Amino acid sequence: MNKFLPEGYRIQTEENKRAVSTPARLAEAMERGTILEGRVTICDSSHNLWVDLPGMQAVIPREEGAVGIREGTTRDIALISRVNKPVCFVVTELTCDAAGAPLAILSRRIAQERCQAQYLDACRPGDILPACVTHLEPFGCFVDIGCGIPSLIPIDSISVSRISHPADRFTVGQQLRVIFKGREGKKILLTHKELLGTWEENAAQFQPGETVAGIVRSVENYGIFVELTPNLAGLAELKPNVTVGQHASVYIKSILPERMKIKLILVDVFAPSVPEPAELHYFIQDSHMDRWQYASAASTKSMESLFTSSV
């Protein structure tokens, strides 16, 4: 197992449950430097994080709660927001509290520093990483790319089909795969749309004459764009009382690979019955890609991503 997974990936594993089950096993984990996970129950008034472990108290002191807290480059909201969520940590000390009860001292900062040095610093452009959605903003999706270390997928890198907000595609807590693009100073640059398939891969799922489900993504003066998959949209003729975000049933009139066009007839529109975004289908299962070409082989258009050098 990758020991630098996003937080929440390991908390329910048998390996993690066993390692935190007794003081003796915690001592073994401390000696080995094993990264473990537990759930934060309280962020106290001093911003120490108290972690739920079987049979004993455990605390992450404030300055050990995240990289940058000690230096003042990370705000305390990064600690407060962890309550009732899993956190990774290494055990740094097994001691007793003032009443003589067993107490484990933990550090999330050390786990994050190791993740950065041993995992993220070794990433190459095109590497495909596990990630977990932490929060959504109009401009993009923030994800945990290992041990609680955050990075951003800009909204225009989420999918080929345009969306008005990342919430149209993702939910908080969702597990994703992302592509490492490169670095801009200390910032890690990510993209996601390349994992969702080329035009041909997506168009191959449909046939002219079918009536299928879609989502209205844009209403223009020349037609209505309806998303069929996150990386594929078609154009339907204008129809009154159609708004962005409505779900639709559409008849596929024609599929034109040389023009990368799908012509649709809008049959009906309605409010979504399920508010959550649809489950994503990844066409790429490898751990790395060097190049991605979205355009169809029959088209003269070019839309590609190259990952052979840093951005």
Side-chain angles (χ1 to χ4, degrees), residues 128 133 136 141 153-171 174 176-179 191-286 289 291-305:
I128 299 170
V133 177
L136 305 169
C141 170
I153 310 172
I155 190 168
D156 60 356
S157 294
I158 289 174
S159 62
V160 172
S161 178
R162 294 179 182 178
I163 51 178
S164 58
H165 192 282
D168 294 337
R169 192 73 69 213
F170 300 138
T171 57
Q174 186 174 359
L176 309 175
R177 303 177 79 220
V178 297
I179 304 174
T191 184
H192 177 264
K193 63 187 178 186
E194 293 85 353
L195 298 171
L196 299 176
T198 65
W199 190 92
E200 287 182 326
E201 287 171 329
N202 282 274
Q205 301 175 72
F206 304 97
Q207 295 292 329
E210 292 180 332
T211 300
V212 300
I215 302 172
V216 176
R217 291 300 187 199
S218 177
V219 179
E220 309 295 340
N221 57 12
Y222 53 86
I224 300 167
F225 283 99
V226 179
E227 176 188 304
L228 304 180
T229 74
N231 269 11
L232 186 70
L235 184 65
E237 293 181 359
L238 286 171
K239 198 171 183 178
N241 302 317
V242 176
T243 58
V244 172
Q246 285 183 306
H247 283 214
S249 55
V250 290
Y251 174 82
I252 300 177
K253 188 176 177 182
S254 60
I255 298 176
L256 308 171
E258 67 281 0
R259 296 171 58 194
M260 290 174 57
K261 301 284 187 184
I262 297 184
K263 293 186 177 181
L264 305 173
I265 297 175
L266 198 59
V267 177
D268 198 7
V269 292
F270 41 88
S273 57
V274 181
E276 293 82 9
E279 184 177 351
L280 297 169
H281 171 65
Y282 291 128
F283 286 80
I284 306 296
Q285 300 302 323
D286 295 335
M289 67 161 61
R291 178 179 178 271
W292 178 76
Q293 174 65 45
Y294 178 71
S296 69
S299 172
T300 58
K301 296 180 181 179
S302 178
M303 179 179 171
E304 68 176 356
S305 301

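Keep in mind the model is a prediction, meaning the values are calculated, not measured.
There is a side-chain donor-acceptor pair under 3.5 Å between Ser159 and Arg169.
The two residues Ala213 and Leu228 make their nearest non-hydrogen contact at O-CD2, 4.1 Å. Contact detail for Leu280 and Pro230: the closest heavy-atom pair is CD2-CG, 4.2 Å. The minimum heavy-atom distance linking Ile255 with Ala203 is given by the pair CD1-O, 4.3 Å. Glu200 and Ala298 make their closest contact through OE2-N, 4.4 Å (heavy atoms, listed as atom of the first residue, atom of the second, distance). Contact record, Ala248 with Leu266: CB-CD1, 3.7 Å, taken as the closest heavy-atom pair. When all heavy atoms of Ser299 and Pro257 are compared, the closest pair comes out as CB-O, 3.8 Å.
Here the CG-CD distance, from Leu195 to Gln285, works out to 9.0 Å after rounding to the nearest 0.5 Å. Distance OH/Tyr282 to CD1/Ile128: 10.0 Å, rounded to 0.5 Å. A distance of 11.0 Å separates CE of Met303 from OG1 of Thr198, quoted to the nearest 0.5 Å. Taken to the nearest 0.5 Å, the CG atom of Leu235 stands 8.5 Å off from the CD1 atom of Ile224. Atom-to-atom distance recorded for Lys193:NZ and Asp156:CG is 6.0 Å, nearest 0.5 angstrom. In this structure, CZ in Phe225 is found 10.0 Å from CG in Leu264, a value given to the nearest 0.5 Å.
Within a 6.0 Å radius of CZ in Arg162, no more than 12 heavy atoms belonging to other residues, nucleotides or ligands are found. In the displayed structure, Lys253 atom NZ is contacted under 6.0 Å by at most 12 heavy atoms of other residues, nucleotides or ligands.
Thr171 places none of its side-chain heavy atoms less than 4.5 Å from the side chain of Val133. For the pair Ile155 and Ile163, the minimum side-chain heavy-atom distance is below 4.5 Å. By the 4.5 Å heavy-atom criterion applied to side chains, Ile158 and Cys141 are counted as neighbours. Side-chain contact between Asp168 and Arg217: present, with at least one pair of heavy atoms (C-beta onward) separated by less than 4.5 Å.
The aromatic rings of Phe283 and His281 sit perpendicular to each other, their planes meeting at more than 60°, with 30° as the lower class boundary. Taking the six-membered ring where tryptophan is involved, the planes of His247 and Phe270 are tilted, since the angle between them lies from 30° to 60°.
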(message) Walk me through whether Ile265 and Thr211 qualify under side chain to side chain contact (heavy atoms under 4.5 Å, CB included).
(response) CA-CA 9 Å; Ile265 297 175; Thr211 300; over 6 Å; no

(request) May I have the step-by-step check of side chain to side chain contact (heavy atoms under 4.5 Å, CB included) for Leu232 and Gln205, ending in yes or no? (result) CA-CA 10 Å; Leu232 186 70; Gln205 301 175 72; over 6 Å; no

(request) For the pair Thr243 and Val216, evaluate side chain to side chain contact (heavy atoms under 4.5 Å, CB included) and give the outcome as yes or no after the intermediate values. (result) CA-CA 7 Å; Thr243 58; Val216 176; over 6 Å; no

(request) Kindly indicate, with the supporting measurements, whether the criterion side chain to side chain contact (heavy atoms under 4.5 Å, CB included) is fulfilled by Ser302 and Gln293. (result) CA-CA 7 Å; Ser302 178; Gln293 174 65 45; 4.1 Å; yes

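Remark: side-chain polar atoms of Asn231 are paired, donor with acceptor, to backbone N or O of Val160 under 3.5 angstrom. Asn202 contributes a side-chain N or O that, together with a main-chain N or O of Leu196, makes up a donor-acceptor pair within less than 3.5 Å.
With sequence neighbours excluded, no residue satisfies salt bridge (charged side-chain N to carboxylate O under 4.0 Å, His left out) with Glu237. Partners of His165 by ring-ring contact (aromatic ring centres under 6.0 Å, His included), not counting sequence neighbours: none found. Residues passing the ring-ring contact (aromatic ring centres under 6.0 Å, His included) test with Phe206: none are found, sequence neighbours excluded.
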